[in-house]
Structures are given as structure tokens and as C-alpha cells.
Amino acid sequence: MGLGLIISIIVGGFAGWAASRFMKARTGLLANILLGVGGAIVLNWVLGAVGIYASSALVPQFIVACAGAAALIWIGRQLRK
């Protein structure tokens with residue numbers, strides 16, 4: 001993420017919570033953190049593969065983490081079908 005570990009967990013938690021609210025998913029605190037951090041890692045990798053790099057600042061990483069978490073929720077739903 002480019003942020004410190006503790007800040008990454010906090011940003012990931014908020015991003016996962018925001019994504020779960022947006023996607024109307026029922027997730028707990030640990031799932032929100034995992035979704036946010038995992039989503040940020042995955043989406044930063046995907047964006048980097050196509051030549052787009054998000055800044056290491058909090059706001060851009062929060063946006064990337066929210067979008068990545070929402071994508072992970074969507075993928076999880078598709079796999080359960």
C-alpha cells in the first residue's frame with residue numbers, strides 16, 4: 001500500500017466498511033479489514049500492470065481500497081452463484 005502497517009489496517013478497515021455498505025454486504029470488522037487491505041493490494045497490482053500508479057497518500061489509497069474491496073465482494077458473490 002505504501003502506508004505503514006497500522007495505517008494500512010485502519011484505512012483498510014474503513015474502506016472495507018464503506019464497500020460493504022455500498023455493496024449491501026453483511027461483514028464484520030475482521031472481514032472489513034481483510035476486504036479493504038486485500039482490495040487495495042489487488043487493485044494496486046492491477047492498476048500497476050496497466051501503468052497506473054496511485055499515490056501513497058491516504059485519500060488515493062482509500063479510494064483504491066474501497067474500489068478493490070467492492071470488486072472482491074462482487075467476485076465473491078459471482079463465485080457463490
Side-chain angles (χ1 to χ4, degrees):
M1 243 191 198
L3 306 174
L5 179 64
I6 301 299
I7 298 299
S8 295
I9 291 170
I10 292 169
V11 169
F14 281 119
W17 173 79
S20 68
R21 299 288 283 178
F22 177 74
M23 297 291 291
K24 294 177 179 49
R26 295 177 187 238
T27 56
L29 177 62
L30 182 59
N32 286 341
I33 293 170
L34 292 174
L35 282 169
V37 173
I41 290 169
V42 170
L43 193 54
N44 272 310
W45 179 80
V46 169
L47 291 174
V50 295
I52 301 171
Y53 298 97
S55 170
S56 296
L58 287 175
V59 174
Q61 287 302 318
F62 177 76
I63 293 168
V64 168
C66 285
L72 289 179
I73 291 169
W74 181 82
I75 290 168
R77 287 179 179 170
Q78 297 306 309
L79 291 175
R80 280 189 223 136
K81 284 185 177 180

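Numbers here simply count residues along the sequence, with the first being 1.
No more than 12 heavy-atom neighbours from other residues, nucleotides or ligands sit within 6.0 angstrom of CZ on R21.
Hydrophobic clustering (ILVMFWY, side-chain heavy atoms < 4.5 Å, transitive): V11 and V59 are in distinct clusters. Placement of L72 and L79 within a single hydrophobic cluster is found when ILVMFWY residues are connected by side-chain heavy-atom separations under 4.5 Å, directly or transitively. Taking hydrophobic clusters as Ile, Leu, Val, Met, Phe, Trp and Tyr residues chained together by side-chain heavy-atom distances below 4.5 Å, I6 shares a cluster with F14. Hydrophobic clustering (ILVMFWY, side-chain heavy atoms < 4.5 Å, transitive): W17 and L30 are in distinct clusters. No continuous path of hydrophobic side-chain contacts links I41 to I63 [ILVMFWY only; heavy atoms under 4.5 Å].
For S20 against T27, the heavy-atom pair with the smallest separation is CB-OG1, 3.3 Å. Closest non-hydrogen pair, A18 versus C66, comes out as CB-SG, 4.0 Å. Taking every heavy atom of both residues into account, G36 and A15 meet most closely at CA-CB, 4.4 Å. In this structure, A70 and M23 approach most closely via the heavy-atom pair O-CE, 3.8 Å. The heavy-atom pair separating A69 from L35 by the smallest distance is CB-O, 3.5 Å. L43 and A67 make their closest contact through CD2-CB, 3.6 Å (heavy atoms, listed as atom of the first residue, atom of the second, distance).
With rounding to the nearest 0.5 angstrom, the CZ atom of R80 is 8.0 Å from the CZ atom of R77.
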